[in-house]
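Step one of this worksheet: look at the structure below.
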Amino acid sequence: MDVVISPMPHTAAERAGARVAEAIAANPLLVLGVATGSSPLGVYAHVRERIERHGLDVSGITCFALDEYVGLPEDHPQSYHQVIRQTVTEPWGLRADQVHVPAGTTGDPRQAALDYERDIREAGGVGLQLVGIGGNGHIGFNEPGSSLGSRTRIKTLHPRTREDNARFFGGDMDAVPIHCITQGIATILDAGHVLMIASGAGKADAVAKMVEGPVSSACPASALQLHPHTEVFIDDAAAAGLLHRDYYDFAVANADSVPGA
Ligand code: F6R
């Protein structure tokens with residue numbers, strides 16, 4: 001993993017946003033995996049700036065969201081259909097048909113999960129996947145104990161996740177749905193390039209386990225150690241638990257100085 005530590009959350013978001021913009025510029029037909037939650041908002045804002053000020057062309061990209069709550073109507077303000085519409089689709093000027101979110105309100109969510117996995121595959125797979133990390137180490141909504149070989153499926157949200165996400169539901173944990181459809185860990189690992197974005201002291205323990213802990217379903221994000229191209233953009237506070245922090249900084253400082261390269 002390449003761990004890039006920035007002094008402030010907005011610097012981490014700008015660096016990650018620059019990566020997303022570069023990937024779109026290099027491949028205008030990019031299949032981009034998008035996350036919800038607070039962590040990627042600065043990344044999305046940076047990409048929007050590239051679109052508006054620098055003419056970045058996003059008309060050919062396709063987006064796939066990581067997850068969706070089961071049973072929350074698509075027009076509910078906290079459904080991920082709405083969240084992605086408000087943070088990505090509309091600000092970036094994408095057409096609705098460019099953006100896919102798992103269908104959490106069909107009569108058959110299990111089939112909806114299978115269909116979503118197939119849709120990703122038929123789109124040629126995700127080229128660049130943006131992910132956040134839960135305080136309990138989840139990626140997507142792959143909670144602790146998730147199979148590292150999992151595919152898109154229904155999961156039960158961990159009480160910690162429902163507690164963390166209660167802030168989006170007026171502070172009421174009981175209003176947070178119990179189930180979701182999430183891309184699996186193996187689905188996420190299929191992406192060509194994974195960008196993790198995290199900030200704040202509340203993520204420090206999970207980030208340390210993800211980067212330096214054993215690969216274990218106890219910290220689902222640790223599965224990213226198996227991915228050949230994962231970049232982790234974090235701020236100082238989220239880096240606080242890393243044992244080898246000095247080394248990561250040294251590696252970044254010397255990234256462009258390989259003799260003969
Ligand atoms: C969101 C998702 C989750 C979040 C994670 C962090 O689609 O799959 O894994 O990325 O819960 O959430 P925030 O960024 O709100 O701290």
Side-chain angles (χ1 to χ4, degrees), residues 9-10 12-13 16-17 20 32-45 63-70 72 76-89 99-104 113 116 120 126 128-146 150-169 171 173 176-189 191 194-207 209-210 217 219-224 230 232-235 237-238:
H10 71 265
V20 176
L32 177 68
V34 289
T36 56
S38 316
S39 306
L41 296 179
V43 178
Y44 298 148
C63 296
F64 281 92
L66 277 171
D67 35 31
E68 174 60 293
Y69 294 115
V70 170
L72 207 59
H76 186 287
Q78 292 308 326
S79 84
Y80 286 173
H81 276 80
Q82 280 297 330
V83 172
I84 291 293
R85 189 171 299 140
Q86 278 162 21
T87 59
V88 178
T89 315
V99 183
H100 304 262
V101 180
Y116 198 69
I120 294 173
V126 171
L128 174 64
Q129 177 67 57
L130 193 59
V131 291
I133 185 170
N136 64 3
H138 71 214
I139 44 169
F141 278 139
N142 295 283
E143 302 286 23
S146 290
S150 53
R151 294 278 163 191
T152 306
R153 70 209 181 291
I154 296 177
K155 278 298 284 183
T156 303
L157 292 171
H158 194 283
R160 162 106 191 246
T161 302
R162 296 181 66 228
E163 208 176 296
D164 286 349
N165 286 6
R167 70 190 194 279
F168 299 118
F169 290 82
M173 177 176 163
V176 182
I178 292 173
H179 297 105
C180 65
I181 295 175
T182 180
Q183 287 189 32
I185 294 176
T187 316
I188 294 170
L189 291 179
V194 179
L195 283 189
M196 157 71 63
I197 174 94
S199 60
K203 299 291 171 73
D205 182 51
V207 165
K209 287 180 176 142
M210 166 181 73
S217 66
C219 177
S222 65
L224 294 175
T230 293
V232 178
F233 291 93
I234 51 178
D235 71 341

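Atoms within a ligand are numbered from 1 in the order they appear, just like the ligands themselves.
- Between Ala16 and Val43, the shortest heavy-atom distance links the atoms CB-CG2, 3.9 Å.
- Counting only N and O atoms by type, the side chains of His81 and Glu68 include a donor and acceptor under 3.5 Å apart.
- Between Tyr69 and Phe169, the ring center distance clears the sub-6.0 Å criterion.
- For ligand 1, the protein residues within 4.0 angstrom (heavy atoms only) are Ala35, Thr36, Gly37, Ser38, Ser39, Leu66, Asp67, Gly132, Ile133, Gly134, His138, Gly140, Arg167, Lys203.
- Partners of Tyr44 according to the ring-ring contact (aromatic ring centres under 6.0 Å, His included) rule, which considers only residues two or more places apart in sequence or in another chain, are Trp92.
- With sequence neighbours excluded, the residues that form a ring-ring contact (aromatic ring centres under 6.0 Å, His included) with Phe64 are His100, Tyr116.
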Using distance only, find each side-chain donor-acceptor pair of residues 133-142 under 3.5 Å and give its atom names and separation, not counting sequence neighbours.
from, atom 1, to, atom 2, distance (Å)
Asn136, OD1, His138, N, 3.1
Asn136, OD1, His138, ND1, 3.3
Asn136, ND2, Glu143, OE1, 3.0
His138, ND1, Glu143, OE1, 2.9
His138, ND1, Thr161, OG1, 3.2
Asn142, OD1, Arg153, NH1, 2.9
Asn142, OD1, Arg153, NH2, 2.9
Asn142, ND2, Ile139, O, 2.9
Asn142, ND2, Gln183, O, 2.9

